[in-house]
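By convention here, the first residue in the shown sequence is residue 1.
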Amino acid sequence: MMNRRTTLFALGASVLAPVARAQSYPTRPIKLVVPTSAGGIADFIGRSAGEIMARSLGQPLVLENRPGGASTLAANLVAHAPPDGYTVLMSTEFNMATAALLRKDLSYDPRKDLAPVGVLARFPLGLIVNAKLPVRTVRELVAYLKARPGAVNYASAGAGTAYHLAAEMFMAQNDVQMVHVPYPGGSPMATSLVRRDTEVAFAALNTYLPHIRSGDLRVLAVANEKRIAALPDVPTFAEAGFPAFDAEMHVGLAVPSGVAPDVIQKLHAALSKVWADEALRMRMATSGVEVASQHTPQDYAERLAREGRRWQGLIAKNKLRME
């Protein structure tokens, strides 16, 4: 039978063990699972920020690209990883907030299986068109589409992705119709736009900037509260006369539920080094990305809940589904 001293020792050890683990964390490289292929917006942000976080944590962040399932394959991998802080997800509004609204067979529950760490960066989506399309403003595009219902193709990175949802929102708000043509990522989307296989897209801008600067593609507006440094001559949707359109996206970090709070705090502290790095801010700004500001994991969780509520009505009304 365990005596009182042994019992107290056992209780003390159980309390101190998580603290000891957190104090020693990390002792080996951390896997950062990115839900896009190399060269995508999340991959660009992860590689840029990973170097700064690695210096703070004293261990490298090793990126593992797991594209597919409109970012849910990566989320599923992390959701079912050991809750030790060594597998971290590059999280998005989709794999954390809207995927569960679009898929009934989702293999993880974002609310139960993943714990938010914080927002890493945000980026507006741009309304991009092939430069041969005879429109130069959002109003001109709306008029062009109204005169040709269902005759214009738009590209997305897959059914249910942010790019798809943004286009659905735009069509619903302006009573226009386009044909959805999904692609497996931003690079194939850009190629389709340049070739004019599709003529319109809502997308993160970093992949498209070379084509925009060459004159093959044109940006009509950006979904941001202010103009972006990468394209200072392009108006916001509000400036273009469409203040109700909001398609700003965020990329963050999440870990499997059950990771010790102190480990999450260490990851969050490393994230704060990214927010404070002015050189990184300037480098990302040239690609249309803005490093996020100080906030807590709870702030991120609340934002994801708001995003789920914001998109729920559109998804239900248009009966959107991701197969």
Side-chain angles (χ1 to χ4, degrees), residues 17-36 42-43 45-100 106-122 249-275 291-308:
V19 176
R21 285 197 298 271
Q23 287 175 344
S24 62
Y25 172 88
T27 59
R28 64 179 191 270
I30 298 165
K31 181 192 300 181
L32 179 60
V33 183
V34 178
T36 65
D43 181 78
I45 295 171
R47 292 182 189 281
S48 300
E51 298 173 8
I52 297 169
M53 292 187 66
R55 289 198 296 268
S56 175
L57 292 164
Q59 291 288 342
L61 268 70
V62 180
L63 267 67
E64 181 175 316
N65 296 92
R66 283 297 182 100
S71 82
T72 60
L73 290 183
N76 181 63
L77 184 153
V78 176
H80 295 99
D84 54 13
Y86 288 97
T87 307
V88 178
L89 173 68
M90 180 73 73
S91 52
T92 67
E93 277 93 342
F94 182 78
N95 59 29
M96 295 289 286
T98 58
L106 200 63
S107 52
Y108 66 98
D109 185 333
R111 295 164 299 179
K112 296 179 181 179
D113 299 332
L114 292 165
V117 175
V119 178
L120 185 53
R122 64 178 188 169
M249 299 295 141
H250 289 67
V251 172
L253 299 179
V255 292
S257 294
V259 170
D262 286 348
V263 170
I264 291 178
Q265 185 53 44
K266 279 202 169 186
L267 288 168
H268 187 267
L271 194 53
S272 69
K273 302 294 185 182
V274 176
W275 300 331
V291 176
S293 302
Q294 180 70 39
H295 58 273
T296 66
Q298 183 60 31
D299 293 334
Y300 188 25
E302 291 171 0
R303 173 180 169 75
L304 291 168
R306 288 195 303 271
E307 284 298 292

Enquirer: Taking all non-hydrogen atoms of both residues, which atom of Ala115 and which atom of Ile264 are closest, and how far apart?
Expert: CB-CD1, 4.3 Å

Enquirer: Looking at CG of Leu114 and NE2 of His80, how far apart are the two atoms once the value is rounded to the nearest 0.5 Å?
Expert: 9.0 Å

Enquirer: Only counting residues at least two apart or in another chain, list the ones meeting salt bridge (Lys or Arg N to Asp or Glu O under 4.0 Å) with Glu51.
Expert: none

Enquirer: Give a yes or no answer on whether the side chain of Asn95 reaches the backbone of Ser91 with a donor-acceptor pair at less than 3.5 Å.
Expert: no

Enquirer: Atom OH of Tyr108 and atom CG of Leu89: how far apart are they, to the nearest 0.5 Å?
Expert: 7.5 Å

Enquirer: Not counting sequence neighbours, which residues clear side chain to side chain contact (heavy atoms under 4.5 Å, CB included) with Ala81? List them please.
Expert: Thr87, Pro256

Enquirer: With side chains defined as the heavy atoms from C-beta onward, is the minimum distance between Met249 and Thr92 less than 4.5 Å?
Expert: no

Enquirer: Working note: Leu253 + Leu32, criterion side chain to side chain contact (heavy atoms under 4.5 Å, CB included); need CA distance, chi angles, decisive distance, verdict.
Expert: CA-CA 9 Å; Leu253 299 179; Leu32 179 60; 3.8 Å; yes

Enquirer: Quick one: NE2 on His250 to CG on Leu304, what's the gap to the nearest 0.5 Å?
Expert: 9.5 Å

Enquirer: Which heavy atom of Pro116 sits nearest to which heavy atom of Pro297, and what is that distance?
Expert: O-CB, 3.5 Å

Enquirer: Just how far is it from atom OG of Ser71 to atom CD of Glu93, taken to the nearest 0.5 Å?
Expert: 10.0 Å

Enquirer: Does some side-chain heavy atom of Met53 sit less than 4.5 Å from a side-chain heavy atom of Ile30?
Expert: no

Enquirer: Check for a donor-acceptor pair, side chain of Thr98 on one end and backbone N or O of Gly308 on the other, with a separation under 3.5 Å.
Expert: no

Enquirer: Shortest non-hydrogen contact from Pro83 to Gly258?
Expert: CB-C, 3.7 Å

Enquirer: Taking the side chain as every heavy atom from C-beta outward, state whether Ile45 and Leu120 have any pair of such atoms under 4.5 Å apart.
Expert: yes

Enquirer: At their closest point, which heavy atom of Thr72 faces which heavy atom of Ala99, and how far apart are they?
Expert: CG2-CB, 3.8 Å

Enquirer: Salt bridge (Lys or Arg N to Asp or Glu O under 4.0 Å) with Arg47: which residues, sequence neighbours excluded?
Expert: Asp43

Enquirer: Looking at Asp84, Leu267, Val259, which hits side chain to side chain contact (heavy atoms under 4.5 Å, CB included) with Tyr25?
Expert: Leu267

Enquirer: Partners of Arg66 by side chain to side chain donor-acceptor pair (under 3.5 Å), sequence neighbours excluded?
Expert: Glu64

Enquirer: Please indicate whether Arg122 has more than 12 foreign heavy atoms, meaning atoms of other residues, nucleotides or ligands, lying under 6.0 Å from its CZ.
Expert: yes

Enquirer: Does Thr36 reach the side chain of Met90, with side-chain heavy atoms less than 4.5 Å apart?
Expert: no

Enquirer: Tell me every residue that passes side chain to side chain donor-acceptor pair (under 3.5 Å) with Tyr86, counting only those two or more places apart in sequence or in another chain.
Expert: Thr27

Enquirer: What distance separates Arg111 CZ from Ser257 OG, expressed to the nearest 0.5 Å?
Expert: 11.5 Å

Enquirer: Between Lys273 and Arg55, is there a side-chain heavy-atom distance shorter than 4.5 Å?
Expert: no

Enquirer: Please tell me if the side chains of Leu73 and Asn76 come closer than 4.5 Å, counting only heavy atoms from C-beta onward.
Expert: no

Enquirer: Roughly how far, to the nearest 0.5 Å, is the CZ atom of Arg303 from the NE2 atom of His295?
Expert: 10.0 Å

Enquirer: Side chain to side chain donor-acceptor pair (under 3.5 Å) with Gln59: which residues, sequence neighbours excluded?
Expert: none

